[in-house]
Amino acid sequence: MVDVAQDLLSKLVVRRTAGVTCVGRIVEVEAYLAAHDSACHAYRGRTRKNRTMFGSPGKLYVYPIHARYCMNAVTQPVGVASAVLIRAVEPVAGLSTMRERRGTDRLLDLARGPARLCQALQVDRRLDGWDLTRGARIWIAGDATPSPRMRLSPRIGVTSNQSARLRFFVDRSPYVSGPRRFHSQDR
DNA sequence: AAAACGATCTACT
DNA sequence: GTAGATCGTTTTG
């Protein structure tokens, strides 16, 4: 699970909408660990809102927060409600479209933050439950980029289980949201 | 039907 | 660094 989160770092999120393809390199993620993690949306059991997390792996879990949306990849077998929150990507392609959607020209503000990147990639709740392995609309792609140096820290914005270091981010990337200080070892 | 709640963002010192 | 805005969704009466 943690290894899945770490493996997502430096992979690409590809988002295809009518006539436009936007791509971002993942530079920051957080892991949420089902039953053992009081900060996980699924901690208190299955509901309509978190049902995607309880489903099969490889699905997109989109949830609303503070009038915005954030996206996760479901990672574990059916019934184990773990997911990886994608917190920030480095814009790689489709930048002009991302600027339009975000309403800013500032490169660093395009996709630095979980709700910002959803806005830049035009992801909302209609994509909740989408199959990321389908290779359409939105999916994850690898590339030949060598594994970056990775840092760990507590997760951002959670009010419980703050001692867990389940935030992973690319060392020295300017596209990481929140504090870039780290509390632990690299990979 | 009303109120409360955020895994946040923006603008401003 | 932080106060205030924000609004879709869930929870409560």
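As the structure is a prediction and not an experimental result, all values here were calculated from the model. Throughout, a chain's letter reflects where its sequence line sits, starting with A, and its residues are numbered from 1.
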Indicate yes or no: at least one non-hydrogen side-chain atom of [X] is less than 4.5 angstrom from one of [Y].
{"X": "A:Asn50", "Y": "A:Arg44", "answer": "no"}
{"X": "A:Met1", "Y": "A:Val84", "answer": "yes"}
{"X": "A:Leu85", "Y": "A:Tyr32", "answer": "yes"}

Please check this pair: side chain of [X] against backbone of [Y], looking for a donor-acceptor N/O pair closer than 3.5 Å.
{"X": "A:Arg102", "Y": "A:Leu110", "result": "yes"}
{"X": "A:Gln162", "Y": "A:Pro154", "result": "no"}
{"X": "A:Arg155", "Y": "A:Ala31", "result": "yes"}

Is there a residue in residues 60-82 of chain A whose heavy atoms reach under 4.0 Å of DNA chain C, and which residues are they? A:Pro64, A:His66, A:Ala67, A:Tyr69
Stretch residues 102-117 of chain A: residues that reach within less than 4.0 Å of DNA chain B through a heavy atom: A:Arg102, A:Gly113, A:Pro114, A:Ala115, A:Arg116
Using the side chain to side chain contact (heavy atoms under 4.5 Å, CB included) rule, pick out the option among A:Leu9, A:Leu12, A:Val89, A:Val13 that qualifies with A:Arg25.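 Output: one option passes, namely A:Leu12.
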Length of the [atom1]-[atom2] vector between [X] and [N], whole Å:
{"X": "A:Asp128", "N": "C:dT10", "atom1": "CG", "atom2": "C1'", "value": "15 Å"}
{"X": "A:His41", "N": "B:dA7", "atom1": "NE2", "atom2": "C1'", "value": "5 Å"}
{"X": "A:Ile156", "N": "C:dT2", "atom1": "CD1", "atom2": "C1'", "value": "15 Å"}

Picking from A:Arg101, A:Arg137, A:Gln122, what satisfies side-chain hydrogen bond (donor to acceptor under 3.5 Å, both in side chains) with A:Thr17? A:Arg101
Its dot-bracket string being built from Watson-Crick and G-U pairs below 3.5 Å, with | for another strand and [ ] for crossing, DNA chain C has the pattern |||||.||||||.
Is A:Asp109 salt-bridged to A:Arg106, going by a charged N under 4.0 Å from an acidic O? yes
